[in-house]
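Side chains are part of it too, since the values below use all heavy atoms of this structure and drop only hydrogens, waters and symmetry mates.
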Amino acid sequence: EFEGVERRRVFQRRAGHRHQLVDRHRFGRRIHVSQFDQQGGALALDSRDALLELPEVFASPRIDLAMLDARARWKLSGVRGARKIDLTVEQAAFGNRDATGTLGGRYLGGAGGPGEIDLTAHLSRGNGSAVWRYIQLAVSKEVQSWLHDSILAGMSDDTTLRLKGD
């Protein structure tokens with residue numbers, strides 16, 4: 001387990017890639033990496049006031065999280081330039097100003113394409129006017145703009161997302 005700001009530095013250093021979890025002051029109460037090497041790893045998070053940055057995924061890449069608790073594991077295979085990842089999120093719970101929910105699933109990805117995903121998410125609270133923030137960059141700018149300009153208000157207290165495919 002890692003403590004405070006030093007924990008963030010160690011996690012960032014070990015992550016060393018484009019998608020990183022970072023904190024503002026403290027990453028959270030607990031982050032436990034039970035394995036973390038070139039073949040894969042396992043991660044348990046119990047975080048408060050965290051920031052998830054995904055600049056290559058979302059047009060609005062900074063996602064503030066009041067709460068993020070998760071259990072995940074991953075395996076890496078292949079050689080540099082042709083790496084494959086098998087990522088399983090066993091369970092995750094999250095909350096911020098836009099939504100509160102849970103998710104779990106599996107992603108198989110590689111250098112040759114977008115990969116395959118099997119994900120189930122449930123929102124117990126969702127703000128409709130924030131939907132545009134969570135649409136991937138792969139979706140056209142026209143659709144992103146339409147969502148931003150067209151969904152002005154609305155709330156949901158029971159939303160399920162099932163995403164499966166390649």
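- The structure places NZ of Lys84 at 12.5 Å from CG of Leu76, a figure rounded to the nearest 0.5 Å.
- Nearest heavy atom pair, residue Leu87 against residue Trp74, reads CD1-CB, 4.0 Å.
- Minimum heavy-atom separation, Leu137 to Pro55: CD1-O, 3.6 Å.
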One pair to check against side-chain contact (heavy atoms from CB on, under 4.5 Å): Met155 and Asp157. What are the steps and the verdict? CA-CA 7 Å; Met155 294 298 291; Asp157 61 4; over 6 Å; no

Worked check of side-chain contact (heavy atoms from CB on, under 4.5 Å) between Thr102 and Gln91: CA-CA 7 Å; Thr102 59; Gln91 63 180 10; over 6 Å; no

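- With hydrogens and angles ignored, the 3.5 Å screen pairs a side-chain donor or acceptor of Arg83 with a backbone N or O of Gly78.
- Hydrophobic cluster membership for Val131: Trp132, Ile135, Val139, Val143, Trp146, Leu147, Ile151 (Ile, Leu, Val, Met, Phe, Trp, Tyr linked by side-chain heavy atoms under 4.5 Å, directly or transitively).
- Tyr134 and Phe58 make their closest contact through O-CE2, 3.3 Å (heavy atoms, listed as atom of the first residue, atom of the second, distance).
- The pair Asp69-Arg48 counts as a salt bridge, with a side-chain nitrogen and a carboxylate oxygen less than 4.0 angstrom apart.
- No side-chain donor-acceptor contact under 3.5 Å links Arg125 to the backbone of Ser156.
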Please list, one pair per line, the donor and acceptor atoms closer than 3.5 Å that link side chains of residues 104-119 to other protein atoms, with sequence neighbours excluded.
| residue | atom | partner | partner atom | Å |
| --- | --- | --- | --- | --- |
| Arg106 | NE | Asp86 | OD1 | 2.9 |
| Arg106 | NH2 | Asp86 | OD1 | 3.4 |
| Arg106 | NH2 | Asp86 | OD2 | 2.6 |
| Tyr107 | OH | Pro114 | O | 2.7 |
| Asp118 | OD1 | Arg162 | NH1 | 2.5 |
| Asp118 | OD1 | Arg162 | NH2 | 3.1 |

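- Remark: of the listed residues Asn127, Ile63, Asp98, Asp98 is the sole one forming a side chain to side chain contact (heavy atoms under 4.5 Å, CB included) with Arg133.
- More than 12 heavy atoms of other shown residues, nucleotides or ligands fall within 6.0 angstrom of atom CG in Asp149.
- Here Arg97 pairs with nothing under the salt bridge (charged side-chain N to carboxylate O under 4.0 Å, His left out) rule; sequence neighbours left out.
- Atom CG in Leu103 sits 9.0 Å away from atom OG1 in Thr120 (nearest 0.5 Å).
- A pairwise comparison of heavy atoms in Met67 and Ala93 identifies SD-O, 3.5 Å as the closest pair.
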